[in-house]
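Just so you know, residue 1 is the first one in the sequence shown, and it goes up from there. When a ligand or atom number is given, it counts from 1 through the structure's own listing order.
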Amino acid sequence: IEIGSSSSSSESEESSIISRFQQYLRINTSQPTPRYQEAADFLLSEGKSLSLESQIIEFVAGKPLVLLKWEGTNPHLSSILLYSHTDVVPAEPDKWTHNPFGAHMDSEGRIYARGSQDMKCVGMQYLEAIRRLKAQHFRPLRSVYVAFSPDEEIGGDDGAGKFVQSEIFEQMNVGVVLDEGSASPDEHYRVFYAERSPWWLVIKAVGAPGHGSKLYDNSAMENLLKSIESVRRFRASQFDLIKAGLKAEGDAVSVNMVFLKAGTPSPTGFVMNLQPSEAEAGFDIRVPPTADTESLERRIAEEWAPSSRNMSFSFIQKIPVQDKFGKPFLSKTDSSNSWWTLLENAVQKAGGKLGKPEIFPASTDSYHFRGCGLLAIGFSPMANTPVLLHDHNEFLNKDVYLKGIEIYESIIKAYASFDDHGKDGGSRDEL
Ligand SMILES: CSCC[C@H](NC=O)C(=O)O
Ligand SMILES: [Zn+2]
Ligand SMILES: [Zn+2]
């Protein structure tokens with residue numbers, strides 16, 4: 001059966017595909033109180049309806065991971081892991097044109113929902129692709145696992161983090177992981193081989209308090225402001241590299257101030273004639289795996305929070321850019337790694353175009369997989385679609401969604417049929 005021909009699904013087939021997607025979107029799995037059990041029940045029954053081996057695993061109570069297996073005919077080959085997370089970020093319903101958990105489809109076929117791009121689409125597309133392959137009586141050579149995991153949006157320690165350390169995971173003998181990417185405003189699908197690590201920095205200044213009318217050196221506010229100016233100069237220098245086209249977004253260090261905390265509260269606001277003795281600022285810094293982290297650390301200690309200016313700093317989060325062996329969390333994308341070539345060819349065969357592999361600007365659960373030496377590829381097939389991850393009015397057009405199913409059908413077929421006699425596609429060597 002030709003891949004292309006599967007696009008000619010009947011209207012009723014199409015509407016049941018869309019309504020399954022909507023059903024998943026309507027389960028409110030937003031942090032910080034995701035309805036995980038409902039999502040797990042739904043996914044488990046989907047798995048069973050596809051005759052997949054289906055189980056719910058709770059590494060942490062109340063945080064279920066759904067694991068489905070389509071057994072391959074050659075147990076000696078490594079398996080394929082189709083990965084997605086079930087949680088979504090919160091939405092502010094008042095600022096949306098449609099209910100973020102209503103999954104309303106407008107006249108142009110746009111399906112509005114939190115998670116429509118990030119990443120309930122991908123999770124359901126895996127299942128729909130498997131449904132089609134099963135209908136064609138395709139038999140995988142390699143085992144195909146589909147995992148739906150909790151807590152990605154809050155770091156994934158209780159989801160992917162526990163999963164990769166588990167006995168179950170060990171026994172899965174995973175050769176390659178597909179995880180989320182991002183929408184693309186142009187016709188090329190974006191694909192990611194690495195991601196930037198979040199460093200969430202808080203800097204704090206202390207200084208003598210004093211009368212609001214007095215000019216003196218070393219106040220907490222003045223000291224903090226000097227740092228903020230320095231951070232902003234660095235931010236501008238990184239941004240300029242991107243604007244000039246010298247660096248891609250994921251190759252530069254980003255830093256954005258996310259909070260400011262200072263002042264002496266009063267019933268009407270703040271005391272206006274008192275210079276505070278403490279002031280703090282928080283920054284979300286994103287560090288590419290190839291960055292010179294030592295020099296960045298020195299910059300933080302010497303320029304952004306120097307003790308000579310009565311400053312100190314701490315990290316709320318500091319995910320390393322390298323694994324425990326000192327290798328950066330990234331995988332080479334050249335042709336010596338078969339999984340990339342297979343992906344490129346499979347996407348092309350299904351009529352899609354792939355962009356140049358990039359470093360994902362934010363963070364995903366992939367770092368848990370890359371952290372244990374696995375090849376993880378970030379890919380969400382959404383071309384000609386505005387990037388609305390974590391934004392208001394997140395939507396995905398139904399035709400883009402349906403096209404993505406064809407793309408996965410082609411990828412899963414190629415991956416699950418790939419026989420390299422146990423050499424793991426070169427992924428281990430190339431990490
Ligand atoms: C360190 S947990 C943060 C994970 C989050 N992931 C998606 O947006 C992010 O901020 O990139
Ligand atoms: Zn995501
Ligand atoms: Zn997200």
What are the distances between nitrogen or oxygen atoms of ligand 1 and protein nitrogen or oxygen atoms, counting only those under 3.5 Å?
residue: ligand 1; atom: 6 (N); partner: Glu152; partner atom: OE2; Å: 3.2
residue: ligand 1; atom: 6 (N); partner: Ser363; partner atom: O; Å: 2.9
residue: ligand 1; atom: 8 (O); partner: Glu153; partner atom: OE1; Å: 3.4
residue: ligand 1; atom: 8 (O); partner: His390; partner atom: NE2; Å: 3.4
residue: ligand 1; atom: 10 (O); partner: Arg286; partner atom: NH2; Å: 2.8
residue: ligand 1; atom: 11 (O); partner: Arg286; partner atom: NH1; Å: 2.8
residue: ligand 1; atom: 11 (O); partner: Ser363; partner atom: N; Å: 2.9
residue: ligand 1; atom: 11 (O); partner: Ser363; partner atom: O; Å: 3.4

> Going by an N to O cut-off under 4.0 Å, is there a salt bridge joining Glu128 and Arg131?
Replying inline: yes
> Quick one: do Arg233 and Glu303 make a salt bridge, cutoff under 4.0 Å?
Replying inline: no
> Thinking salt bridges, do Asp292 and Arg299 make one under a 4.0 Å N-O criterion?
Replying inline: no
>> For Tyr408 and Tyr126, take the angle between the two ring planes, folded into 0 to 90°, and tell me which bin it lands in: parallel under 30, tilted 30 to 60, perpendicular over 60.
In response: perpendicular
>> Please check: side-chain N/O of Asp251 versus main-chain N/O of Ile359, any donor-acceptor pairing under 3.5 Å?
In response: no
> Considering all heavy atoms of both residues, which atom of Pro328 and which atom of Pro289 are nearest to each other, and what is their separation?
Replying inline: CB-O, 3.6 Å
> Ignoring water, what protein N, O or S atoms are under 2.8 Å from the Zn ion (ligand 2)?
Replying inline: His85 NE2, Asp118 OD1, Glu180 OE1, Glu180 OE2
> Does a donor on one side chain and an acceptor on the other come within less than 3.5 Å for Trp96 and Asn393?
Replying inline: no
>> Taking Lys403 first and then Glu406, would you say they form a salt bridge - that is, a charged N and a carboxylate O separated by under 4.0 Å?
In response: yes
> Under the criterion side-chain hydrogen bond (donor to acceptor under 3.5 Å, both in side chains), which of Thr29, Thr364, Asp179, Asp118 is the partner of His85?
Replying inline: Asp118
